[in-house]
Amino acid sequence: MQHVYFVSFGCQMNVLDSELVLGDFERSGYKQTDAMASADVVLINTCSIREHAEDKVWSLLGRARQVKQAKPHLKIGVMGCMAQRVKDEIIRRAPHVDLVLGTSNFRSAVQDLEDIGAGGGRVVRAAKRPDPEFLPDADRNVGSRPDAYRAYVTIMRGCNHSCTYCIVPHTRGKEVSRPMGELLAECRALVADGVREITFLGQNINTYGQDLHPERKHTGEICTLLEQASAIDGLDRIRFLTSNPFDMTEDMMRRFGEIPKVMPWLHIPAQSGSDTVLARMQRTYTVAQYHEVVGWARKHIPGVEITSDFIVGFSGETDEDFERTKALVRDVGFMQCYVFKYSLRPMTISARRMPDDVPEDIKKRRNVELLAVQDETAEARNKTLLGQRLEILIEGISKSDPTRVTGRDMGNRIVHCEGDASMAGRMAVVEIEEVGAHSLIGRRVALEDEAGRWTYRSYGHAVPSATA
Ligand code: SAH
Ligand code: F3S
């Protein structure tokens, strides 16, 4: 029995790519191991979005070299954005790496390792186009998933935008959408295997399908996909990310709001609350336009929760710019924000044209300050949920308290309530009793049984059928 030690860095797309590769390993009889020392294969799925993410990979590769010294048959592979971006450097700096697979060519991993095992040498596949024999999304092993009830589905790869700070268009190339029929078939297979919630992934889902049907520009092909997916019996919840402020229309928001299975949750990265900074980032919208998009969401999707990404300390960002970002966070009232310190990435537009001129200590301070504003806003908003009833999909036992289970409500908030492992995969209604900035705790007032029927506990009042 061969063992693979697999590490995945970065975004949701990487999480899914890792799952696809691990599905291939599982099919070929490999087992996963938590200990590098007992592995026959070490494979790292890498991220290039910030320098820090790449540093971690270099240090992991250092550890793998030591293990390989004691165990020469160990094979080491690097896949993902960093493998695409710095393949030459990996080949030069890390002669112990046997396999380098770029962002379009990673499904050959098992085959390549077998070839290397048989014939020796190294394999490097970093062509922009996938090898037709090993298409990134083909033939998914749906049974190999970390989460029994929720799954990701990649609907498109790459990005056609050119935000000046961003390495993704370099590492993942231009937008390539997957045909709708193929996506729906994958969803059906996942649902047949027990999945109740699917999250569609793309760097900018707003333009899904435009490369396949240029004549359908601005028709909201993503909405058609959501409408068709919602017809799948047994699929209860649909989410998607990322919806950017650009390429979004009010009509798309209206259609999202009309599909009951589409959850009231949108990830709309703002990046900054200053028009000057947004222009330097080439985000192509102003703060006023961002507010307009949020307004459409709130008008057409009842109870919608919005999450966002921000970069602090981008080139030229002044204290005033940063104050505007804090104001945006307060004004919108996000459920959650991810805040990143600007990290200069070689080959990006900002690396070529704009100095990385905000000192590290100021980036750090702004990062902490913005998160504090976000936490304060989120906690105040969450307080309005006290006493309310939320429908959650239970994921399993809580990591921090074994007497509780954890799930997500329709707005994607983390909710804990009393329960046990047998409840995983079922819906429950929870009356909220305690709130923090990042999660809610409540008592379970209703639980769906294994047959999908609701059972009510005697707390004195019936649970509304709409459950929200
Ligand atoms: N459209 C993508 C964005 C990918 S990058 C998506 O689907 O999420 C994820 C986040 O990383 C971005 O929204 C941005 O906030 C952050 N980021 C990207 N490049 C960065 C850089 N050079 N430095 C710091 N943060 C960055
Ligand atoms: Fe990056 Fe902007 Fe695309 S953040 S992934 S270039 S939308």
Side-chain angles (χ1 to χ4, degrees), residues 9-17 46-55 80-82 84-85 103 152-177 199-208 210-211 222 239-248 266-273 277-285 290 293 306-317 325 328-329 334 336-358 360 363-364 366-367 370-371 374:
F9 292 97
C11 62
Q12 288 90 345
M13 288 136 213
N14 264 18
V15 171
L16 177 53
D17 287 351
T46 59
C47 170
S48 288
I49 202 82
R50 286 170 292 277
E51 194 178 358
H52 183 59
E54 293 198 351
D55 291 344
C81 284
M82 193 176 159
Q84 190 75 43
R85 194 183 85 75
T103 50
Y152 289 130
V153 170
T154 297
I155 65 168
M156 61 206 292
R157 291 178 177 270
C159 181
N160 286 357
H161 281 270
S162 40
C163 305
T164 53
Y165 52 80
C166 187
I167 192 72
V168 171
H170 295 273
T171 57
R172 289 193 167 249
K174 289 266 178 229
E175 281 176 15
V176 180
S177 301
T199 302
F200 290 124
L201 300 180
Q203 301 294 342
N204 182 33
I205 56 90
N206 311 13
T207 49
Y208 164 73
Q210 279 183 16
D211 52 312
I222 177 69
R239 302 182 196 275
F240 48 86
L241 82 160
T242 296
S243 348
N244 272 298
F246 35 72
D247 306 318
M248 180 61 76
L266 293 172
H267 183 61
I268 315 180
Q271 311 300 357
S272 170
V277 175
L278 287 173
R280 286 166 71 80
M281 289 177 164
Q282 266 172 221
R283 288 292 286 180
T284 72
Y285 54 86
Y290 186 86
V293 171
I306 298 167
T307 56
S308 199
D309 292 345
F310 285 90
I311 297 177
V312 292
F314 185 62
S315 173
E317 186 187 69
T325 298
L328 178 64
V329 169
F334 296 104
Q336 191 186 8
C337 288
Y338 299 91
V339 180
F340 307 105
K341 292 179 289 172
Y342 172 56
S343 168
L344 182 141
R345 307 310 296 130
M347 301 194 302
T348 57
I349 301 170
S350 64
R352 276 184 271 131
R353 299 201 202 138
M354 300 169 201
D356 183 8
D357 55 3
V358 176
E360 183 59 27
K363 285 182 184 171
K364 226 177 242 166
R366 288 181 185 166
N367 191 340
L370 192 57
L371 285 173
Q374 166 56 24

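Worth saying up front: this structure is predicted, and the values here are computed from it rather than measured. Atoms within each ligand, like the ligands themselves, are counted from 1 in listed order. These values consider heavy atoms only, across backbone and side chains, with no hydrogens, waters or symmetry-generated copies.
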Student: Which protein non-hydrogen atom lies closest to atom 19 (N) of ligand 1, naming both residue and atom, and how far is it?
Tutor: Tyr165 CD1, 3.2 Å

Student: Provide, to 0.1 Å, the distance between atom 10 (C) of ligand 1 and the closest protein heavy atom, together with that atom's residue and name.
Tutor: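 Heavy-atom neighbour on the protein nearest atom 10 (C) of ligand 1: Asp309 OD2, 3.5 Å.
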
Student: Students should be able to answer this: which protein heavy-atom is nearest to atom 8 (O) of ligand 1, and at what distance?
Tutor: Thr242 OG1, 3.1 Å

Student: For Tyr290 and Tyr285, take the angle between the two ring planes, folded into 0 to 90°, and tell me which bin it lands in: parallel under 30, tilted 30 to 60, perpendicular over 60.
Tutor: tilted

Student: I need the minimum non-hydrogen distance between Arg283 and Pro269, along with the two atoms involved.
Tutor: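 That closest heavy-atom pairing would be NH2-O, 3.2 Å.
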
Student: Considering non-hydrogen atoms of the protein only, which is the closest contact for atom 26 (C) of ligand 1, and what is the distance?
Tutor: Ile311 CD1, 3.6 Å

Student: Determine the minimum heavy-atom distance between Met347 and His170, stating which atoms define it.
Tutor: O-NE2, 2.9 Å

Student: Closer than 2.8 Å to atom 1 (Fe) of ligand 2, what protein N/O/S atoms do you find?
Tutor: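 Near atom 1 (Fe) of ligand 2, below 2.8 Å, one finds Cys166 SG.
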
Student: With a heavy-atom distance limit of 4.0 Å, tell me whether Ile49 approaches ligand 1 through its side chain, its backbone, both, or neither.
Tutor: both

Student: Fit a plane to each ring of His267 and Tyr338, take the angle between them on a 0 to 90° scale, and name the class: parallel (under 30°), tilted (30 to 60°) or perpendicular (over 60°).
Tutor: perpendicular

Student: Could you point out which residue of Asp247, Asn244, Thr284 forms a side-chain hydrogen bond (donor to acceptor under 3.5 Å, both in side chains) with His161?
Tutor: Asp247

Student: Is there a polar contact between ligand 1 and His267, counting only N or O atoms under 3.5 Å apart?
Tutor: no

Student: I need the contact type for Gln203 against ligand 1. Using non-hydrogen atoms and a strict under-4.0 Å cut-off, is it side chain, backbone, both or neither?
Tutor: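 Near ligand 1, Gln203 shows its backbone as well as its side chain.
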
Student: Below 4.0 angstrom from a heavy atom of Arg283, which ligand 2 atoms are there? Numbered from 1 as shown, please.
Tutor: 2 (Fe), 4 (S)

Student: Tyr342 versus ligand 1: do any nitrogen or oxygen atoms come within less than 3.5 Å of each other?
Tutor: no

Student: How about Gln12 and Thr199: do any of their side-chain heavy atoms sit closer than 4.5 Å?
Tutor: no

Student: Distance to 0.1 Å, residue and atom name: give those for the protein heavy atom nearest to atom 24 (C) of ligand 1.
Tutor: Lys341 O, 3.3 Å

Student: So, do Phe240 and Phe200 have ring centers that fall under 6.0 Å from each other?
Tutor: no

Student: Mind checking whether Phe340 and Tyr165 have ring centres under 6.0 Å apart?
Tutor: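 No, they do not, as the ring centres are separated by 6.0 Å or more.
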
Student: So does Glu360 pair up with Lys341, basic N to acidic O under 4.0 Å?
Tutor: yes

Student: Check ligand 2 against Phe246 and write out every atom of the ligand that is under 4.0 Å from a heavy-atom position of the residue.
Tutor: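 The list of qualifying atoms is 7 (S).
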
Student: Within this structure, what is the CD-SG distance for the pair Gln271 and Cys166, rounded to the nearest 0.5 Å?
Tutor: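 With rounding to 0.5 Å, CD (Gln271) is 8.5 Å from SG (Cys166).
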
Student: Heavy-atom pairs closer than 4.0 Å: do any link ligand 1 to the side chain of Arg50, the backbone, both, or neither?
Tutor: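 Contact part for Arg50 vs ligand 1: side chain (C-beta onward).
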
Student: If you count the atoms of ligand 1 from 1 in the order shown, which ones are under 4.0 Å from a heavy atom of Gln271?
Tutor: 12 (C), 13 (O), 14 (C), 15 (O)

Student: Atoms of ligand 1 less than 4.0 Å from Arg345 heavy atoms?
Tutor: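 Numbered from 1, ligand 1 contributes 22 (N).
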
Student: Where is the nearest protein heavy atom to atom 23 (N) of ligand 1: which residue, which atom, and how far?
Tutor: Ser343 N, 3.0 Å

Student: Would you say Ile222 and Ile155 make side-chain contact, with heavy atoms under 4.5 Å?
Tutor: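 They are in contact (side-chain heavy atoms under 4.5 Å apart), so the answer is yes.
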
Student: With side chains defined as the heavy atoms from C-beta onward, is the minimum distance between Pro169 and Gln203 less than 4.5 Å?
Tutor: no

Student: Under 4.0 Å, heavy atoms only, figure out whether ligand 1 is touched by the backbone of Phe340, its side chain, both or neither.
Tutor: side chain

Student: Is any side-chain heavy atom of Thr242 less than 4.5 Å from a side-chain heavy atom of Ile205?
Tutor: no

Student: May I ask you to decide whether Arg157 forms a salt bridge with Asp211, counting only side-chain N to carboxylate O separations under 4.0 Å?
Tutor: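 Salt bridge between Arg157 and Asp211, a charged N being under 4.0 Å from a carboxylate O: no.
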
